[in-house]
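Have a look at the structure below, then the notes.
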Amino acid sequence: MDRTSEESAQVAGIVLAAGGGRRLGGRPKALLTHRGRPLVEHAAHALLAGGCAPVHIVLGAGAETVRERARLPGCVLVDNPDWAEGMGSSLRAGLGSLAGTGAGAALVALVDQPGIGAEAVARVVAAYRSPSTLAAAAYDGERGHPVLFGADRWGDITASAVGDRGARAYLQAHQSAITLVDCSDIARTDDIDTPEDLTLLE
C-alpha cells in the first residue's frame, strides 16, 4: 500500500458501551443521561463527527434497552454476551467486528467520558499514518482516551485483552511506539464511575 492510499484508509470507531455500572447501582452507563440524551449517543456522535467510519458500538448490560432508547443512525451495534468479564471482552468484540471492513485503524473511546468530543477524536484520527500506527490522546502529558490502534496490531491486542485491563498491558509494553496527541485544551477526561460522578453530567 503506498503512502497516499495508507493515509486515505478509513479509521473506524469503536465505542465500548457494555458496562453494567456496578458502582452506580447496576445502571448501564450507556443509558445515563447527559444533556437530555443517553451517553452512548454523545459518544457515537463524537466519533462520527470526528471522522471515524464506520462506527461500531459494543453493547452488553441493558443492550435491548439501549437499542430501544438510543438513536444511533449510521452505527453498527455489536452485542458482547461476555460483557461481565470486563472491558477486555468488549475490546475483543469491537475489534473482531471490524474484520472485512478494510479499516486501516480503530479509534477506541469509552462511553463514560462525555467530556471527550469530536475535536479530540479528530486530533487523534489525524495521527494515523499506516496500519502499524499506535496513537493516543494525552492530557497534561499522561496517556488517555481515545486510543488509535493500527490494524496490524489488532491481533496482538486481542490476544492480550483480558479482564478489565483492556489494552493496558499492550500499551505499556509498546510505550515507545505511541504517538501522544495533546488534547488538554479541548477535552475533559472525567469518568462516570460512582454516584458522586453523576454531578458531572448535565
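Using a 4.5 Å cut-off between side-chain heavy atoms of Ile, Leu, Val, Met, Phe, Trp and Tyr, with links allowed through other members, I116 and L171 fall into different hydrophobic clusters. Under the 4.5 Å side-chain heavy-atom criterion for grouping Ile, Leu, Val, Met, Phe, Trp and Tyr, L95 is not connected to V162 through any hydrophobic cluster. Following chains of ILVMFWY side-chain contacts shorter than 4.5 Å, one can reach V147 starting from L180, so the two form part of one hydrophobic cluster. A chain of hydrophobic side-chain contacts below 4.5 Å, direct or via other Ile, Leu, Val, Met, Phe, Trp or Tyr residues, connects V111 to L77.
Under the salt bridge (charged side-chain N to carboxylate O under 4.0 Å, His left out) criterion, the residue pairs touching residues 85-102 are E85-R92, with sequence neighbours excluded. Evaluation of the ring-ring contact (aromatic ring centres under 6.0 Å, His included) test over residues 103-124, restricted to residues two or more places apart or in two chains, returns none. Contacts classified as side chain to side chain donor-acceptor pair (under 3.5 Å) and involving residues 60-76 (residues at least two apart or in different chains) are given here: R67-D79. Contacts classified as ring-ring contact (aromatic ring centres under 6.0 Å, His included) and involving residues 102-122 (residues at least two apart or in different chains) are not found. Residue pairs meeting the salt bridge (charged side-chain N to carboxylate O under 4.0 Å, His left out) criterion with at least one member in residues 148-159, sequence neighbours excluded, do not occur. For the ring-ring contact (aromatic ring centres under 6.0 Å, His included) condition, the pairs that include at least one residue of residues 149-188, sequence neighbours left out, are Y170-H174.
Take S97 and apply the side-chain hydrogen bond (donor to acceptor under 3.5 Å, both in side chains) test, not counting sequence neighbours, and it matches H56. With sequence neighbours excluded, no residue satisfies side-chain hydrogen bond (donor to acceptor under 3.5 Å, both in side chains) with D140. Remark: A137 pairs with V124, Y139, P146, C183 by the side-chain contact (heavy atoms from CB on, under 4.5 Å) rule, at least two apart or across chains. Residues passing the ring pair (Phe, Tyr, Trp, His ring centres under 6.0 Å) test with H145: none are found, sequence neighbours excluded. Applying the side-chain hydrogen bond (donor to acceptor under 3.5 Å, both in side chains) test to R37 and every residue at least two apart in sequence or in another chain returns E41.
Heavy atoms only, all atoms of each residue included: P73 and L48 are closest at O-CD1, 4.0 Å. Scanning all heavy atoms of the two residues, the minimum distance from L72 to A44 falls at CD2-CB, 3.8 Å. Here the shortest heavy-atom pairing between A30 and V66 reads CB-CG2, 3.9 Å. The two residues P28 and A61 make their nearest non-hydrogen contact at CB-O, 3.7 Å. Between R143 and A136, the shortest heavy-atom contact is CG-CB, 3.6 Å. A pairwise comparison of heavy atoms in I57 and A17 identifies CG2-CB, 4.0 Å as the closest pair.
Side-chain atoms of V78 and L59, non-hydrogen and from C-beta on, never get closer than 4.5 Å to each other. Side-chain contact between L134 and T179: absent, with no pair of heavy atoms (C-beta onward) separated by less than 4.5 Å. For the pair P38 and T33, the minimum side-chain heavy-atom distance is 4.5 Å or more. Taking 4.5 Å as the limit, some side-chain heavy atom of L148 sits within range of a side-chain heavy atom of T133. Contact of the V55 side chain with the V76 side chain is not registered, since no non-hydrogen atoms from C-beta on lie closer than 4.5 Å. With contacts defined as side-chain heavy-atom distances shorter than 4.5 Å, the pair V58/I14 qualifies.
Expressed to the nearest 0.5 Å, how far CG of L16 lies from OG of S90 amounts to 6.0 Å. To the nearest 0.5 Å, atoms CG (L47) and NE2 (H42) are separated by 14.0 Å.
A donor-acceptor distance shorter than 3.5 angstrom exists from the side chain of S89 to the backbone of D82, with no hydrogens or angles considered. Side-chain N or O atoms of D112 include none that pairs as donor or acceptor with a backbone N or O of K29 at under 3.5 Å. With Q113 contributing its side chain and T189 its backbone, the two residues share a donor-acceptor pair below 3.5 Å.
By the neighbour-count criterion of 12 heavy atoms within 6.0 Å, atom CD of Q172 is densely surrounded, having more than that number from other residues, nucleotides or ligands.
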Can I get a per-line list of side-chain donor-acceptor pairs under 3.5 Å for residues 101-108, giving both atom names and the distance, sequence neighbours left out?
| from | atom 1 | to | atom 2 | distance (Å) |
| --- | --- | --- | --- | --- |
| T101 | OG1 | L98 | O | 2.7 |
| T101 | OG1 | A103 | N | 3.3 |

